[in-house]
J.: 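Here it is, the structure, as structure tokens.
Residue numbers run from 1 in the order of the sequence given.
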Amino acid sequence: MPSRFFTGGAALRCASGSLVLALALSTSALHAQTAAAPIEVRNAQGKLLASSQAWKAPSAARMQFTVQGKIKNLPYQTKAQLDWLPQGQRYEASQEVQIPVLGSRRQASVGTIAAGGLRPEIFLDRGRKEHSATFDTQANQIRFSRGNTPAPLVLGTQDRMSVFFQVAGMLAAAPKAYPPGTRITVQAASTSRVAPWTFTVRSTENLQLPAGRMAAIKLEHNADSTDADGIHSAMWVAPSLGYLPVRIRMVEDGGRDELDLKLTSHSKP
């Protein structure tokens, strides 16, 4: 049975013993094809806060990661690259990872930048095959190339890549609005459905990374109790880098499958 790891956002899938990475926190969703509010923020007590959030675009960046992981307890190492390219009212975000044996996997999101954040137009996921999700504003639908039933398009809904930069921009615009315990839920589209992802803000940690020591806020996701995959994942975002992710870690199958991305370099594209 296939299992799923993560995404801004990287998702790691294990099928017939093969792992494939896509930068996303998790596809463990309670409701697919939802028309729920695209973004919800709740405090540590569960109280729903203001439905509209300030957003600030992180600066353009090219980020290189070293990747350490294991598949059924067998260790491996590889590399990944994340690009964030805002230009005027447009943006492009992409991630590519080299997968042992399988080659490379690339995901990309293209769209516009609005006052409240990102509005994706198309999301691409390319491995051995290419699949997509198209955000059709005229039809108010998100269409999936896999042939799944279209989902309602609610402005503010993200995709597996844009979700990371949407959350980063929210933290960058109002960091004091997200103290430890805050839960940020974002509706995000894959190439087959829309599902909610919830990030719980944890404390700031001082990380020792290949790129150097830096302070980063931990955002954590734990699989819902109804999710058979049992995914546990975390992302660390650095205020000094516009709240972009500098570490991403995922664990499933009781710890037999694991993935840990750590920043090695950061530069302007």
Side-chain angles (χ1 to χ4, degrees), residues 6-11 20-25 27 38-39 53 55-65 67 79-99 103-127 129-138 141-146 151 153-173 186-192 194 197 199 235 237-238 241-246 248 261 263-269:
F6 236 36
T7 240
V20 177
L21 171 72
L23 191 59
L25 268 175
T27 58
I39 300 174
Q53 296 84 26
W55 190 84
K56 178 182 178 182
S59 298
R62 170 160 293 168
M63 310 180 78
Q64 305 284 348
F65 294 85
V67 182
K79 297 179 179 179
Q81 177 173 304
L82 178 66
D83 286 339
W84 164 243
L85 306 171
Q87 187 173 12
Q89 300 303 307
R90 303 283 302 173
Y91 80 89
E92 179 178 349
S94 65
Q95 166 266 326
E96 186 167 1
V97 61
Q98 302 298 320
I99 306 296
S104 65
R105 181 73 175 270
R106 184 177 188 271
Q107 290 189 324
S109 174
V110 176
T112 62
I113 298 175
L118 303 180
R119 294 185 179 179
E121 294 173 350
I122 188 167
F123 168 64
L124 300 173
D125 186 354
R126 187 182 71 215
K129 296 182 179 180
E130 183 171 281
H131 299 285
S132 66
T134 302
F135 292 67
D136 187 340
T137 55
Q138 292 186 344
Q141 288 184 335
I142 301 175
R143 302 195 309 274
F144 307 103
S145 66
R146 294 177 183 269
L153 172 55
V154 181
L155 290 181
T157 300
Q158 302 300 312
D159 60 49
R160 285 191 180 184
M161 278 301 305
S162 67
V163 64
F164 294 100
F165 303 100
Q166 177 66 31
V167 172
M170 290 167 60
L171 293 173
V186 183
Q187 302 294 330
S190 67
T191 59
S192 60
V194 175
W197 291 359
F199 302 80
M235 174 175 69
V237 296
L241 299 181
Y243 293 86
L244 291 174
V246 295
I248 301 167
L261 289 80
L263 183 70
T264 57
S265 67
H266 170 274
S267 61
K268 292 184 178 181

J.: Quick check: do Val237 and Leu244 have side-chain heavy atoms less than 4.5 Å from each other?
T.: no
J.: Less than 4.5 Å apart, side chain to side chain, heavy atoms only: is that true for Phe165 and Leu82?
T.: yes
J.: Taking all heavy atoms of Thr157 and all of Pro120, pick out the closest pair and write down the distance.
T.: O-CD, 3.4 Å
J.: Does Glu121 use its side chain to pair, donor to acceptor, with the backbone of Val110 at less than 3.5 Å?
T.: no
J.: For Ser94 and Arg106, work out which heavy atoms get closest and say how close.
T.: CB-NH2, 3.4 Å
J.: Keeping Gln166 on the side-chain end and Gly116 on the backbone end, is there a donor-acceptor pair under 3.5 Å?
T.: yes
J.: Say whether, by atom type as modelled, one donor and one acceptor occur between the side chain of Gln89 and the main chain of Gln87 under 3.5 angstrom.
T.: no
J.: Report the residues that fulfil side-chain contact (heavy atoms from CB on, under 4.5 Å) with Lys56, sequence neighbours left out, ordered by chain and then residue number.
T.: Ala172, Ala173
J.: Please say whether more than 12 non-hydrogen atoms of neighbouring residues, nucleotides or ligands are located less than 6.0 Å from CZ in Arg126.
T.: no
J.: Is the closest side-chain donor-acceptor distance between Ser192 and Arg146 under 3.5 Å?
T.: no
J.: Checking Ser109 against Asp159: is there a side-chain donor and acceptor pair closer than 3.5 Å?
T.: yes
J.: Looking only at heavy atoms, which two atoms of Pro245 and Phe65 are closest? And how far apart?
T.: O-CZ, 3.5 Å
J.: Between Ser162 and Phe123, is any pair of side-chain heavy atoms under 4.5 Å apart?
T.: no
J.: Could you tell me which non-hydrogen atom of Val167 sits nearest to which non-hydrogen atom of Val186, and how far apart they are?
T.: CG2-CG2, 4.1 Å
J.: Side chains of Glu92 and Asp83, heavy atoms from C-beta outward: is any pair under 4.5 Å?
T.: no
